[in-house]
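Working notes, beginning with the structure itself.
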2 protein chains.
Amino acid sequence: MSRRSRQREAIIAVLKSTDIHPDAGWIYEQVRKVIPSISLGTVYRNLKKLKEEGLVREIKVTSGLSRYDMVRESHYHFRCEVCGRVYNLDQSLVDRSVEEVVARKTGFRVTGHDIEFRGICSSCQKIEMKGEKGEQP
Amino acid sequence: MSRRSRQREAIIAVLKSTDIHPDAGWIYEQVRKVIPSISLGTVYRNLKKLKEEGLVREIKVTSGLSRYDMVRESHYHFRCEVCGRVYNLDQSLVDRSVEEVVARKTGFRVTGHDIEFRGICSSCQKIEMKGEKGEQP
DNA sequence: ATGCTTGCAAAACATTTGCACGCAC
DNA sequence: GTGCGTGCAAATGTTTTGCAAGCAT
């Protein structure tokens with residue numbers, strides 16, 4: 001398997017400590033507080049390894065850079081189109097049988113699926129309402 | 001609205017002619033057969049515009065570069081983990097009510113969703129079986 | 001001792017952008 | 001004529017990689 005290293009452990013610690021789905025740069029900045037000498041290349045290298053080992057998942061949201069998170073229970077994502085935040089949603093919202101439906105219809109072997117919902121999160125809806133004050137003269 | 005141009009029309013034509021979900025480079029090569037002087041920058045600029053106008057959709061598959069396709073009926077995607085091909089799936093496979101479920105549970109305004117299924121497509125399953133011949137000594 | 005992992009810096013890539021010119025309106 | 005779209009090339013931003021040295025096994 002993989003060898004241990006302070007850098008690798010620190011990256012895992014950072015990922016475990018948050019659920020904001022950070023990108024590589026943010027992870028780099030966090031780890032730098034503990035290991036100032038770490039390089040961005042090392043962060044990318046470790047993320048790649050961790051992905052291969054199945055410990056970390058890379059998500060590409062419709063616009064923006066790659067984001068990473070620890071694989072806990074698998075979950076869906078909701079991306080706010082206003083603030084760009086990515087929220088977790090409980091996977092149980094959707095019946096797992098969708099995979100069987102797809103497998104039956106296509107003959108493909110289905111090993112997983114992800115759903116990305118789009119829309120406006122609650123805090124941006126509030127801001128939106130404030131902003132609309134007086135826009136109807 | 002947008003102004004017409006040979007380049008723009010050619011890009012649309014290429015996108016209409018295929019369903020392989022090409023990336024910008026492939027589109028560029030295709031258009032070049034008709035307009036050899038077109039630049040990659042123009043392809044990107046047009047794709048961006050077409051996206052804003054809602055004519056084209058950009059999909060980011062879990063690994064690889066951005067891919068583009070004309071918005072016809074909306075559909076899901078299946079990405080083969082072996083060959084990397086992206087297939088279209090009929091959106092009617094999954095009940096649209098998932099959006100309502102999410103909206104009710106979160107209080108977010110949900111304006112859309114995408115599903116990416118993963119697995120092994122039928123042609124890669126065949127190859128896989130061939131390749132396994134004799135691997136069990 | 002062996003060889004995986006690191007830091008550094010350069011490279012590779014995808015995508016965007018500034019500019020002067022040309023074409024659509 | 002106005003100003004949007006283009007080609008070109010340079011810039012930007014992200015991710016990858018070659019190398020020599022260091023550390024885990």
Side-chain angles (χ1 to χ4, degrees), chain A residues 1-15 20-70 79 84 86, chain B residues 1-15 20-69 77 79 84-86 116:
Chain A
M1 253 293 153
S2 267
R3 202 168 273 190
R4 317 173 116 260
S5 77
R6 288 178 60 226
Q7 291 80 349
R8 180 185 154 101
E9 304 295 318
I11 289 167
I12 292 174
V14 165
L15 282 167
I20 67 161
H21 308 275
D23 58 45
W26 189 90
I27 297 166
Y28 173 57
E29 290 308 330
Q30 297 314 111
V31 177
R32 223 135 78 100
K33 292 177 184 166
V34 186
I35 309 176
S37 65
I38 196 175
S39 75
L40 186 53
T42 296
V43 172
Y44 273 109
R45 257 186 304 231
N46 274 290
L47 289 171
K48 196 174 183 181
K49 279 240 156 179
L50 290 166
K51 238 188 329 177
E52 286 161 9
E53 292 164 19
L55 289 174
V56 160
R57 175 156 52 145
E58 177 183 11
I59 62 178
K60 299 214 168 194
V61 285
T62 306
S63 53
L65 26 167
S66 284
R67 288 145 167 267
Y68 301 86
D69 59 24
M70 291 305 291
R79 184 176 54 82
V86 176
Chain B
M1 252 295 152
S2 267
R3 201 170 276 190
R4 319 173 115 260
S5 77
R6 289 177 60 226
Q7 290 81 347
R8 180 184 155 101
E9 305 293 319
I11 289 166
I12 293 174
V14 165
L15 282 167
I20 66 161
H21 308 276
D23 57 46
W26 189 89
I27 297 166
Y28 172 58
E29 289 307 329
Q30 297 313 111
V31 176
R32 221 135 78 100
K33 292 177 184 167
V34 186
I35 309 176
S37 65
I38 197 175
S39 75
L40 186 53
T42 296
V43 171
Y44 273 108
R45 258 186 302 232
N46 274 290
L47 288 172
K48 195 174 183 180
K49 278 243 156 174
L50 290 166
K51 238 188 332 179
E52 286 162 11
E53 292 164 21
L55 289 174
V56 160
R57 173 155 57 143
E58 176 183 13
I59 61 177
K60 299 214 171 196
V61 284
T62 305
S63 54
L65 24 168
S66 284
R67 287 145 169 267
Y68 302 87
D69 59 25
H77 296 106
R79 184 176 52 82
R85 262 177 292 198
V86 176
E116 180 189 324

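As the structure is a computational prediction, the values presented were derived from the model and not from experiment. Letters A, B, ... mirror the listed sequences (proteins, then strands); counts begin at 1.
For the side-chain contact (heavy atoms from CB on, under 4.5 Å) with Arg6(B), the qualifying choice from Val31(B), Ile38(B), Ile35(B) is Ile35(B), the only one to do so.
Spacing between atom CG of Leu47(B) and atom P of dT17(C) amounts to 14 Å, rounded to whole angstrom units. Between the CD atom of Glu9(B) and the C1' atom of dG5(D) there is a distance of 13 Å, given to the nearest Å. In this structure, Lys49(B) places its NZ atom 13 Å from P of dT17(C), rounding to the nearest Å. dT5(C) atom C1' lies 14 Å from atom CD1 of Ile12(A), rounded to whole Å. Spacing between atom CD of Glu53(B) and atom P of dG5(D) amounts to 9 Å, rounded to whole angstrom units. The CZ-P distance, from Arg67(A) to dT14(D), rounds to 12 Å in whole Å. In this structure, Asn46(B) places its CG atom 14 Å from C1' of dT16(C), rounding to the nearest Å. Counting to the nearest Å, the C1' atom of dT6(C) and the NZ atom of Lys48(A) are 16 Å from each other.
Of the charged side-chain nitrogens involved, at least one lies within less than 4.0 Å of a carboxylate oxygen, so that Arg8(A) and Glu53(A) count as a salt-bridged pair.
Nearest approach of Leu40(A) to Tyr28(A), heavy atoms of both residues: N-CE1, 3.5 Å.
Taking only side-chain atoms of Arg8(A), from C-beta outward, the nucleotide of dT17(C), dT6(D), dT6(C) with the closest atom is dT6(C). Candidate nucleotides dG5(D), dT16(C), dT14(D) were compared by shortest atom distance to the side chain of Tyr44(B), and dT16(C) ranks first.
In this structure, the salt bridge (charged side-chain N to carboxylate O under 4.0 Å, His left out) partners of Arg32(A), at least two apart in sequence or on a different chain, are Glu29(A).
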(message) Between Ile20(B) and Arg67(B), does the side-chain contact (heavy atoms from CB on, under 4.5 Å) criterion hold? Intermediate values first, please.
(response) CA-CA 9 Å; Ile20(B) 66 161; Arg67(B) 287 145 169 267; over 6 Å; no
Please report the C-alpha distance between Ile59(B) and Arg79(B) in whole Å, then the side-chain angles of each, then the deciding distance to 0.1 Å, and finally whether the side-chain contact (heavy atoms from CB on, under 4.5 Å) criterion is met.
CA-CA 11 Å; Ile59(B) 61 177; Arg79(B) 184 176 52 82; over 6 Å; no
Reading nucleotides 18-25 of chain D from 5' to 3' and marking B where a protein heavy atom lies under 4.0 Å of the base, S where only the sugar-phosphate is that close, and - otherwise, the string is B-----BS
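Side-chain nitrogen and oxygen atoms of Gln7(B) include none within less than 4.0 Å of the OP1 or OP2 phosphate oxygen of dC23(C).
Against DNA chain D, the stretch residues 21-43 of chain A makes heavy-atom approaches under 4.0 Å through Leu40(A), Gly41(A).
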